[in-house]
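Just so we're on the same page: letters track the sequence lines, and every chain starts at 1.
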Amino acid sequence: MLQVPFLRQHTALVKERLAIKLFKETGLVDEVLALDDERKKLQLEFDTTQSKVNGASKEIGQLMAKGQKAEAESKKQEVAAWKLSLEPISQQLAGVEKKLEETIVKLPNLPGPAVPPGKTPEDNVIVREGGNKPTLHANAVPHWDLAKKYRLIDFELGNKITGSGFPVYTGRGARLQRALIQYFLDFNTGAGYTEFLPPFMVNEASAFGTGQLPDKEGQMYFVTEDKFYLIPTSEVPVTNIYRDELLKESDLPIRMTAYSPCFRREAGSYGKDVRGLNRLHQFEKVELVQLVHPEKSYETLEEMVSHVERLIQSLGLSYRILNLCGGDMSFTSAQTYDFEVYSAAQQKWLEVSSVSNFEAYQTNRMKIRFKDAQGRNQLVHSLNGSSLALPRIVACLLENNQTESGIELPAVLHSYFGSKNIQ
RNA sequence: GGAGAGAUGCCGGAGUGGUCGAACGGGACGGUCUCGAAAACCGUUAUUCGCGCAAGUGGAUCGAGGGUUCGAAUCCCUCUCUCUCCGCCA
């Protein structure tokens, strides 16, 4: 969430920036400031009286020790009166604090300086493109047909076992998943990221920390019995590793990578986009998370983009990188680059990675701080990115590399997959 | 799942109603000493919200949340987690 002192000092700028994100309720900013004023007023009132109570209580203790019972008793009467007056104040204070919290979390993160204006995905700026779109043979088919032909993925079986959006990978299809996960993790650890294997369910505090709650509650699967959320991405458990931690400046940057399945309800998504591997309720993903010095976060964002770009290049896929416009960015992000790979048989671009700088938006919720050279505690900046989400990568690998006689896999996967192709 | 024990600062660990944000030990940091280091000695060593130009000063925090009391780390209740034993189990 945003920080109140910043809202106070840069009120006009904040509203201007929120407008870039197409956020209409800028009145919430004023509401936050008013609530904060109210909070301070009440706290001063409370603290002053509480201070008197504390002082008198000490005196009572001393009087009792000296055996001056009568004096102690009269003090008690005095304190009782103060305490009575304290009650409504503390109730009001708690109410105002709650309201302040509820209001400030409704404010999305501010877009960073390099975010282009715009309303829809059409307004996203293509930063660069790479790789070559393949020319497919005349009988080329989409990945769902290839998956069937080579018995790699059984969508119907997934329907039977669970429901739509839960495919079963079979034989070489399953092996390909494992090969990709292993390759991606090795690629990341080779670049200095530490590997984690996090829990696949998180508690409410963790889901709140990265911003899934309260904003996206309906998009997560929820285990009512234990009040756990199935993770929509390993960003959630991995970033929360450092929740409520005070780091040393020398601990930064912290670079983490993790594989996990991702569970998403995708409520409200129907139609052609859900065909095959395009949109699933459960999918595999390898994620990158970094916690960095606030002055370094945009530099880190570019570095992470290059890292993911190299990974996609190594797979030989045709890709493009988009700088998301204000209207298409997520609630919590300050700047996001999306990676899309070209699905040759479907003839469309599929998003396979999203790399974002959250600045201090998540870390303010999670209280991830470090002690700077002056001894002050500052919030670190958090970033994350997929490297990569598997299903659409698999779709493109199958479609783009199909030949009349089989599917030729990129060289980097040969040893992981145990074969150069699928026939 | 059953029975019991516990949760204190960076770590260990005292503290069972009063002046305790918390003894003591260790670690870390700064200093003295040294050519340098070790040792020794001295000092510092939480977070957070206010008020104040500042010096400074008030509130909160001993797993979390409630309660009792003039006063709670200490007593009571609820929850979470950890450990031991039993059960179950990959």
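- When the C1' atom is compared between B:U16 and B:A23, the two are found 16 Å apart, to the nearest whole Å.
- B:C76 sits 16 Å from B:U69 when the P atoms are compared, rounded to a whole Å.
- Residues passing the ring-ring contact (aromatic ring centres under 6.0 Å, His included) test with A:Phe358, sequence neighbours excluded: none.
- Interface limits on RNA chain B: the 5'-most and 3'-most nucleotides within less than 4.0 Å of chain A heavy atoms are B:G18 to B:G71.
- Salt bridge annotation for A:Asp37-A:Arg8: present, with a cationic side-chain nitrogen under 4.0 angstrom from a carboxylate oxygen.
- Pairing of B:A90, defined by two Watson-Crick or G-U wobble distances under 3.5 Å, is not identified with any nucleotide.
- Across B:C85 and B:C77, the matching P atoms stand 27 Å from one another, rounded to whole Å.
- The partner of B:C20 is absent, by the rule that a Watson-Crick or G-U pair needs both atom distances under 3.5 Å.
- Take A:Lys98 and apply the salt bridge (Lys or Arg N to Asp or Glu O under 4.0 Å) test, not counting sequence neighbours, and it matches A:Glu102.
- B:A72 and B:A14 have their P atoms separated by 24 Å, with the value rounded to a whole Å.
- The ring-ring contact (aromatic ring centres under 6.0 Å, His included) test applied to A:Tyr416 returns A:Tyr183, not counting sequence neighbours.
- The stretch residues 368-398 of chain A participates, sequence neighbours left out, in these ring pair (Phe, Tyr, Trp, His ring centres under 6.0 Å) pairs: A:His293-A:Phe370.
- The number of heavy-atom neighbours closer than 6.0 Å to CD of A:Glu25, taken from other residues, nucleotides and ligands shown, is 12 or below.
- Comparing the same atom, P, in B:C86 and in B:G21 gives a spacing of 44 Å after rounding to whole Å.
- Base pairing analysis places B:A40 opposite B:U32; the two distances defining the Watson-Crick or G-U wobble pair are each below 3.5 Å.
- Residues satisfying the ring-ring contact (aromatic ring centres under 6.0 Å, His included) criterion with A:Tyr229, sequence neighbours excluded, are A:Phe222.
- Here the separation of B:C81 from B:C49, taken at their P atoms, is 29 Å to the nearest Å.
- Residues passing the salt bridge (Lys or Arg N to Asp or Glu O under 4.0 Å) test with A:Asp372, sequence neighbours excluded: A:Arg376.
- Counting only residues at least two apart or in different chains, ring pair (Phe, Tyr, Trp, His ring centres under 6.0 Å) contacts with residues 6-41 of chain A comprise A:Phe6-A:His10.
- Remark: B:A72 base-pairs with no nucleotide; criterion is Watson-Crick or G-U wobble with both hydrogen-bond distances under 3.5 Å.
- For B:G4, the paired nucleotide is B:C83, the pair qualifying as Watson-Crick or G-U wobble because both relevant distances are below 3.5 Å.
- Residues of residues 65-85 of chain A that place a heavy atom closer than 4.0 Å to RNA chain B, in numerical order, are A:Lys76, A:Val79, A:Lys83.
- Using C1' as the reference atom, B:G63 and B:A73 are 12 Å apart when rounded to the nearest Å.
- Ion pairing of A:Glu303 with A:Arg255 is present here, as a side-chain N (NZ or NE/NH1/NH2) and a carboxylate O approach within less than 4.0 Å.
- For the P atoms, the distance from B:G59 to B:U19 is 14 Å, rounded to whole Å.
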Quick one: side chains of residues 75-89 of chain A, donor-acceptor pairs under 3.5 Å with protein atoms, not counting sequence neighbours, listed by atom name and distance.
residue, atom, partner, partner atom, Å
A:Lys75, NZ, A:Glu59, OE1, 3.1
A:Lys76, NZ, A:Glu73, OE2, 3.4
A:Ser85, OG, A:Trp82, O, 2.7

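- Within residues 45-60 of chain A, the residues that place at least one heavy atom under 4.0 Å from RNA chain B are, in residue-number order, A:Phe46, A:Asp47, A:Gln50, A:Ser51, A:Asn54, A:Ser57, A:Ile60.
- Under the Watson-Crick and G-U wobble criteria, each requiring two contacts below 3.5 Å, nucleotide B:A60 is paired to B:U47.
- Here A:His281 pairs with A:Phe166 under the ring-ring contact (aromatic ring centres under 6.0 Å, His included) rule; sequence neighbours left out.
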